[in-house]
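Within every chain, numbering begins at 1; the chains are lettered A, B, ... in the order of the sequence lines, protein sequences first and strands thereafter. Since the model is a prediction, treat every value here as computed from it, not as a measurement.
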Amino acid sequence: MEIKPVKGAHDVIRDEASDYNRIEEALIRIAEVYAYEEFRTPVLEHTELFTRSVGDSSDIVRKEMYTFLDKGGRSLTLRPEVTASIIRTIVNNKLYANQDFPIKAYYLGPVFRYERPQAGRYRQFSQFGIEAVGLDSPLIDVEAIALGYNCLKALKLEDITLKINTLGDEESRNNYREALRRYFEGHITNMCPDCQERLKLNPLRILDCKVESDREIIKSAPRIHDYLSIASKDRFDKTVNLLDSLGIKFDIDESLVRGLDYYSEVVFEYHFISSSGQTLGALGGGGHYSELVSEIGGPSLVGVGLSFGVERLVQVVASEKSLPDYASFVTFYVMPVGNVELEKVYEINEKLRRFGYPTEMSYEIKPLKTLFKKAERRNALFAVLIGEDEIKNDTLTLKNLRTQEQTTVAMGDIERVVDQMIYEVLQAIDEEEK
RNA sequence: GCGAACGUGGUGAAGUGGUUAACACAUCUGGCUGUGAACCAGACACUCGUGGGUUCGAUUCCCAUCGUUCGCCCCA
């Protein structure tokens, strides 16, 4: 029986792997432009980290975590998100000790959620994200939003909708939650079973419900904006105004609540409207949190975070063709010709590689017809033909596969000649692309 | 967790209750012993996802199961 990948996991190979690389590099570059530093944390964490941070009432904790007991009887979980791990590291390493805020971290790596796979949804997927911890200011909230915005810009994605909302501070939310509870209690018997459950656990989640008949009821529910404290209202106004003056377009969406319990104040999501109409859900999202650091055992510090789903970005970039195609290539394809000694050919191949040029050779003697096909498949710039004559005369025959020009070069001159030739070829390719 | 569609070579994809399962692309071999993208001739399905049932006979019909894809929920 053939062994297949685990459901919801996926292999990324060849050209797709280079797509991932390019996109990840672009994201990292933006994070570094904003002066964030990379944090790498383990994929495995104590389950408690997530029950305490992401929250018992969230779907993620309730039904989507890969949780198991290790041989020592500890309950461990494959991380379903990485914010909690970043905060844990900050707390464990007391990075807050020197009071130099904000602490800025970016991360990139796999996360795991046990869900039904579908378009743009995997059980193991990659998240790229940032956290800025310790500075309580709308400036840093806006920075996170702007950073995400510029990530999408860097990937040349147009048609992005930025949705933002505020959940207010604890006081606002408590008042609002109570108001919602009072309102929905009158309607709950007419609502879907999920909402009945949500009312008990976290009435804010009801706002996110997509059931048609429930939406009618939700329409006239109390609004967060009527329950905001002065401070929260002021903070949100500042956030919105700053976004405006930065020229970042957004829609205020009062139904945006997000599925992780730790958020407060501003929350946001980036949505992409594809030309083909396919929806992938949010490409990324994030928000501000005020209790998370102390819940994980640190001092009372606030933070703001943002994360993107790398698979979704790759998928959107591919379907929109927003980045130019990139084909991998080798500079040289080395061909043993006639009855040459393969060992001699390999020595030359090795030498070319030591010069630092991507080089592949045919490790067997094959008809030239076949070898040229292989060279073409690898997008080789030059064929390097090595037969008995070349070995005897200590030369190489180089064929430019684009122009068909062929020259014989003395081994001693190789490095110099080849540098020049490669330069010319790359110039020519550039020209063509324009 | 709920709902739908689909599972035939490396890939794309026809097809049928009956003995050789189309076609195309890719690959390999030769025509062509050191110069290829063309052409010609060959090669390539010991389980038609897996298990069971109906039948004289099943890749085809039925059931189950697994898997893939898509939708709901939720999110990235």
Side-chain angles (χ1 to χ4, degrees), chain A residues 1-10 27 54 57-64 79-83 108-129 148 151 192-195 197-198 202 205-212 214 256-260 263 267-272 278-286 305-316 333 335-340 362 364-377 380 383-391 397-402 404-406 408:
Chain A
M1 203 37 193
E2 193 180 357
I3 298 176
K4 294 281 184 39
V6 167
K7 191 188 188 87
H10 66 295
L27 296 171
V54 176
S57 80
S58 67
D59 280 7
I60 292 177
V61 169
R62 284 200 301 152
K63 45 191 194 195
E64 293 176 3
R79 63 181 184 198
E81 60 116 43
V82 343
T83 299
L108 173 66
V111 297
F112 304 82
R113 292 184 196 173
Y114 192 87
E115 293 183 273
R116 226 31 214 284
Q118 57 187 271
R121 164 169 299 179
Y122 300 94
R123 288 183 174 181
Q124 176 178 339
F125 60 100
S126 301
Q127 279 194 338
F128 163 83
C151 284
C192 73
D194 278 340
C195 282
E197 188 69 11
R198 288 177 183 124
N202 186 354
R205 285 266 149 60
I206 297 179
L207 301 180
D208 230 7
C209 184
K210 304 291 191 299
V211 177
E212 267 308 309
D214 289 3
L256 180 65
V257 294
R258 310 223 5 109
L260 298 92
Y263 287 117
V267 292
F268 52 93
E269 283 181 359
Y270 304 89
H271 289 260
F272 178 73
Q278 202 193 15
T279 55
L280 285 179
L283 294 180
L306 152 75
S307 74
F308 281 109
V310 177
E311 281 72 8
R312 288 183 183 178
L313 292 174
V314 170
Q315 213 165 313
V316 170
Y333 192 83
M335 305 179 173
V337 177
N339 286 321
V340 247
S362 167
E364 299 173 292
I365 292 174
K366 296 258 184 176
L368 274 172
K369 172 177 161 176
T370 306
L371 296 183
F372 275 105
K373 272 192 180 170
K374 284 180 190 265
E376 188 187 5
R377 213 176 301 140
V384 181
L385 291 95
I386 303 169
E388 288 166 304
D389 293 351
E390 281 83 0
I391 299 287
T397 298
L398 283 178
K399 179 169 184 176
N400 181 327
L401 292 171
R402 307 172 59 78
Q404 312 297 319
E405 283 173 290
Q406 190 162 311
T408 299

With distance as the sole test, does A:R113 use its side chain to make a donor-acceptor pair with the main-chain N or O of A:Q124 at under 3.5 Å?
-> no
Determine the contact category for A:G120: base if any of its heavy atoms lies under 4.0 Å from a base atom, sugar-phosphate if only primed atoms, P, OP1 or OP2 are that close, otherwise nothing.
-> base
Spacing between A:I206 atom CD1 and B:C74 atom C1', to the nearest angstrom = 15 Å
Does any non-hydrogen side-chain atom of A:Y270 lie less than 4.5 Å from one of A:C151?
-> no
Report which part of the nucleic acid A:R113 touches: base, sugar-phosphate, or nothing (heavy-atom distance under 4.0 Å, all strands).
-> base
Starting at the 5' end of RNA chain B and moving along, which residue's nearest nucleotide shows up first, A:K4 or A:V310?
-> A:K4
For A:R121, does its backbone N or O pair with a side-chain atom of A:R312 as donor and acceptor, under 3.5 Å?
-> no
With a 3.5 Å cut-off and just heavy-atom distances, do the side chain of A:R312 and the base of B:C75 make a donor-acceptor pair?
-> yes
Most 5' of A:A9 and A:R123 on RNA chain B, judged by nearest nucleotide = A:A9
Contact class for A:F128 vs. all strands (heavy atom < 4.0 Å): base, sugar-phosphate, or nothing?
-> nothing
Rounded distance (Å) that lies between atom C1' of B:C75 and atom CZ of A:F268 | 15 Å
State whether the aromatic ring of A:F125 stacks on the base of B:A76, taking stacking to mean ring centres under 5.5 Å apart and ring planes under 30° to each other.
-> yes
For RNA chain B, the expected dot-bracket line (Watson-Crick or G-U under 3.5 Å, [ ] crossing, | inter-strand) is (((((((..(((.....[....))).(((((.......))))).....(((((..]....))))))))))))....
Per-nucleotide protein contact string for nucleotides 24-37 of chain B (B base, S sugar-phosphate only, - none; heavy atom under 4.0 Å) = ---S-SBB--BBBB
From the list A:I386, A:L385, A:V337, A:D389, side-chain contact (heavy atoms from CB on, under 4.5 Å) with A:T397 holds only for A:L385
Pi-cation contact, A:F112 with A:R123 (under 6.0 Å, within 45°) | no
For B:C75, take OP1 and OP2 only and decide whether either is under 4.0 Å from a side-chain N or O of A:R116.
-> no
How long is the line joining CD of A:Q118 and C1' of B:C70, in whole Å?
-> 7 Å
Base, sugar-phosphate, or nothing for A:E115, non-hydrogen atoms under 4.0 angstrom?
-> base
A:L256 atom CG is separated from B:C74 atom C1', nearest whole Å, by 13 Å
